[in-house]
Number of protein chains: 4
Amino acid sequence: MTEDSAKERILSAAEELFAESGFEATPTSRIAERAGVPKGLVHYYFRRKSDLLAALVDRLPDEQIEPATVVVPGDLAGSLRRLVVELDRRFTGSLGLSHLLWREADTHHVVREALADRFQQLVRLVHSVIVGAAGGRLAVADVDNASGLLARAVSHRHATARHSRDDRPAEFDGELTFLANALSSKVRKAAPAD
Amino acid sequence: MTEDSAKERILSAAEELFAESGFEATPTSRIAERAGVPKGLVHYYFRRKSDLLAALVDRLPDEQIEPATVVVPGDLAGSLRRLVVELDRRFTGSLGLSHLLWREADTHHVVREALADRFQQLVRLVHSVIVGAAGGRLAVADVDNASGLLARAVSHRHATARHSRDDRPAEFDGELTFLANALSSKVRKAAPAD
Amino acid sequence: MTEDSAKERILSAAEELFAESGFEATPTSRIAERAGVPKGLVHYYFRRKSDLLAALVDRLPDEQIEPATVVVPGDLAGSLRRLVVELDRRFTGSLGLSHLLWREADTHHVVREALADRFQQLVRLVHSVIVGAAGGRLAVADVDNASGLLARAVSHRHATARHSRDDRPAEFDGELTFLANALSSKVRKAAPAD
Amino acid sequence: MTEDSAKERILSAAEELFAESGFEATPTSRIAERAGVPKGLVHYYFRRKSDLLAALVDRLPDEQIEPATVVVPGDLAGSLRRLVVELDRRFTGSLGLSHLLWREADTHHVVREALADRFQQLVRLVHSVIVGAAGGRLAVADVDNASGLLARAVSHRHATARHSRDDRPAEFDGELTFLANALSSKVRKAAPAD
DNA sequence: AATGAATGAGACTTCATTCAT
DNA sequence: AATGAATGAAGTCTCATTCAT
């Protein structure tokens, strides 16, 4: 069953190699080699090299995280922490993808758009988690701002993790707690008049 | 005045082109062309193409921002806002540089390190501004966390600004205010005896 | 019949050109030109230029001479003369090869070894012919010395023939006869009891 | 006094490098480097690269060997042995020269002629030594043949010594003795009537 | 459907040579 | 006299892409 089709193997090889060395620096011949297929087959399935990149973006896994799996109502800090743990896991599980998206975003609009989409998804996800954990007692603007801030910080953290030797994202608990406290203090302040 | 030396023109051309299309996708011949010099001269000054990249990183402007120029003690939100305005200006003024650093960080460790350096500088800068504006009445950990969060968010904002049509960084005031408030509320809470 | 495969034509062209102008002085483009193939094909078959040289040495014809074809027992001088005539014919028939070997021996160890091999073959061949023509009545040491001397002289004669306008080896009969006589006198002296 | 002029240092560097890597494979810049002179100076003294080769051949040391220094009348084998020892010493003392001459003889007629000259000198030298050691009792033809044979063998021996790791010429005493005996036997046979 | 031989444009780089100083 | 910046021709090699089978 792990006997992937040749086409699939080509795509995986391309993903790895584009992530390792970049699109331009990767010859199609090396893709064929790593996929263990004859050179001609790469161009048989993907006439031009850029078609490979497009196909790679198309098959982007849509691994949504379900807010419910990390949210504990009333425990904002914990919920955010669990969210980030989960995000980190996804990130580590598809490093090639992440490398690829960041690397080629500048020159391939297809990729750029995919990257932007993912960021928007992330913002919405953080938003949901905050709302789910803190209840509806927060000002909409505050939630928006916190979500934006956190999504950016998490994205940046992953983006720079790519650059480190072991691809492991940096410590982040302090920042998370700080943010959770900031929001929580708003809740209290927003509700004494109740 | 714009009569730069040939060597300088080559570097500028390389910076632009590497930023536009990436290192690999930029032929040295196009660099020579844009710099208006014969092809041989490029390799006379920079034996291999990668030497160009190294030179580009070496001459990285060290445009430090002086905290004092944006800090107004007591006005944290305003100070941060002025800081970001200034950072955005620097960013817009050297777009090529920023593109270059992010694009090539994955494959050229010189570049990667330069990018990491710049990030650390940014963290320290934000730190100084917060301390300068809020006085010494904040917990060290809070300042650290807020600085990290903000530096990451600002970096990410610039990194993704590269991907937009007009290179303009996204709106950010809301996030800034939120963060300033978060910190300010700590000050008050930390000094209830006042 | 002369419709050789492209690969074969490339090798022949390379052999000729390397012999004419030397390895370094021969552009691969000129090889392609003379072989009547597109430039890319040369590097398709032989990734690097030096692979061409290696291939050339590999396909070195192993044109052994069968001692029996020149030996007439009892006629040492005649046998040696027939041997040299035959060696000269081989030499003239593959001039390119000979040029090539001597020219590039200094810088390419593959070639150097091939040249050394050929010399050893030659020594053994001369040895066989002497023994075959003179019978077993000669001292081993004498045969060894004479073989070495003659093999060296013949090699040198071919090596310098390359340098002459018409590639024709110099007259050599006198030397041959002298050597045959030298050996023959030993036979008589070794068997005075006859 | 070892403070050679720049021009002299350039020539020596060229001789070494041409011998090591060949004429074509040696950039003039490397000659300048090894000579410790600025690049421009090489072409200041020798406008074209080939002028260097010509100059090198022009200044060829004419290290003639005086027959009297090795000849002991009556001792032919010893005389030849001493001659070869002396020739080997000259050879080892100017290896660069020898490499150079053999390497570039194929493509530069100036060099080719110099090499041929040296060979003729050698033939005459051997001739003188034989005559000196054996007296006038040998047939002219025999002396000619033996000289040619020996000169060729010695030349070949040096030519192939270049190809060995340590540039040391191979053992040769057996061959020499054999040749001396061959000649000596003629003397005896030629003079029984005395 | 699949393959790998074949192609040619073009990339990087080297280098002899010129020339202004 | 001496230098090293500058030039451009040319060399080796890579590679996406095509095509006959």
Side-chain angles (χ1 to χ4, degrees), chain A residues 5-7 10 14 23-33 36-53, chain B residues 5-7 9-10 21 23-33 35-52, chain C residues 5-7 9-10 21 23-33 35-53, chain D residues 5-7 10 14 23-33 35-53:
Chain A
S5 75
K7 196 170 177 180
I10 291 171
F23 178 78
E24 293 288 348
T26 302
T28 54
S29 62
R30 192 140 55 203
I31 295 173
E33 198 178 284
V37 302
K39 195 159 77 82
L41 200 57
V42 173
H43 284 92
Y44 176 68
Y45 284 131
F46 309 93
R47 186 169 282 273
R48 356 229 98 221
K49 196 182 168 188
S50 60
D51 296 342
L52 261 170
L53 201 56
Chain B
S5 74
K7 194 171 181 181
R9 284 209 312 282
I10 291 171
S21 334
F23 178 79
E24 293 287 350
T26 303
T28 53
S29 61
R30 193 142 54 208
I31 296 174
E33 196 179 286
V37 301
K39 196 157 61 89
L41 199 55
V42 172
H43 287 96
Y44 175 69
Y45 284 126
F46 308 94
R47 189 170 282 269
R48 9 220 86 234
K49 197 182 166 187
S50 65
D51 294 342
L52 257 171
Chain C
S5 76
K7 195 171 178 181
R9 285 210 312 281
I10 291 171
S21 333
F23 178 79
E24 293 287 349
T26 303
T28 53
S29 60
R30 193 140 54 207
I31 296 173
E33 197 178 286
V37 302
K39 196 157 59 91
L41 199 56
V42 173
H43 287 97
Y44 174 68
Y45 284 126
F46 308 94
R47 188 171 283 269
R48 8 221 88 232
K49 197 182 167 187
S50 64
D51 294 342
L52 258 172
L53 201 55
Chain D
S5 75
K7 196 169 177 179
I10 291 171
F23 178 78
E24 293 288 347
T26 302
T28 53
S29 62
R30 192 141 55 206
I31 296 173
E33 199 178 284
V37 303
K39 193 158 78 81
L41 200 57
V42 173
H43 283 93
Y44 176 68
Y45 284 130
F46 308 94
R47 185 170 284 273
R48 359 229 96 223
K49 196 182 168 187
S50 60
D51 295 343
L52 261 170
L53 201 56

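All chains are named by letter (A, B, ...) in the order of the sequence lines, taking the proteins before the strands, and each is independently numbered beginning at 1. Not measured: the values here are computed from a predicted model.
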Novice: For Tyr45(D) versus Ala6(D), what's the shortest heavy-atom pair and its separation?
Specialist: CE1-CB, 4.4 Å
Novice: Identify the stems formed by DNA chain E, where each pair is Watson-Crick or G-U wobble with both distances under 3.5 angstrom and a stem is at least 3 consecutive pairs.
Specialist: E:2-21 with F:2-21
Novice: Atom CD1 of Ile10(D) and atom P of dT3(F): how far apart are they, to the nearest Å?
Specialist: 9 Å
Novice: Are the side chains of Lys7(C) and Phe46(C) in contact, using a 4.5 Å heavy-atom criterion?
Specialist: yes
Novice: Could you pull out all residues at least two apart from Ser21(C) that satisfy side chain to side chain contact (heavy atoms under 4.5 Å, CB included)?
Specialist: Ala25(C), Thr26(C)
Novice: OP1 or OP2 of dA2(F) less than 4.0 angstrom from a side-chain nitrogen or oxygen of Tyr45(D), does that happen here?
Specialist: yes
Novice: Taking all atoms of both residues into account, what is the closest heavy-atom pair of Glu24(B) and Lys49(B), and its distance?
Specialist: O-NZ, 3.6 Å
Novice: Rounded to the Å, how far apart are Glu24(D) CD and dT12(F) P?
Specialist: 11 Å
Novice: Tell me the interatomic distance from Glu33(D), atom CD, to dG4(F), atom P, rounded to whole angstroms.
Specialist: 14 Å
Novice: Atom pairs under 3.5 Å, N or O on each side, protein against nucleotides 17-21 of chain F: can you list them with distances?
Specialist:
{"residue": "dT17(F)", "atom": "OP2", "partner": "Lys49(A)", "partner atom": "N", "Å": "2.9"}
{"residue": "dT17(F)", "atom": "O4", "partner": "Lys39(A)", "partner atom": "NZ", "Å": "2.9"}
{"residue": "dT18(F)", "atom": "OP1", "partner": "Arg48(A)", "partner atom": "NH2", "Å": "3.0"}
{"residue": "dT18(F)", "atom": "OP2", "partner": "Arg47(A)", "partner atom": "NH1", "Å": "3.4"}
{"residue": "dT18(F)", "atom": "OP2", "partner": "Arg48(A)", "partner atom": "NH2", "Å": "3.4"}

Novice: State, to 0.1 Å, how close Ile10(B) and Leu52(B) come at their nearest heavy-atom pair, and which atoms those are.
Specialist: CG2-CD2, 4.0 Å
Novice: Nearest-nucleotide wise, let me know which of Leu41(D) and Pro38(B) is further upstream toward the 5' end of DNA chain F.
Specialist: Leu41(D)
Novice: Give me the atom names and distance for the closest heavy-atom approach of Arg47(A) to His43(A).
Specialist: O-CD2, 3.0 Å
Novice: If you look at every heavy atom in Gly36(C) and Arg9(C), which pair is closest and at what distance?
Specialist: O-NH2, 3.8 Å
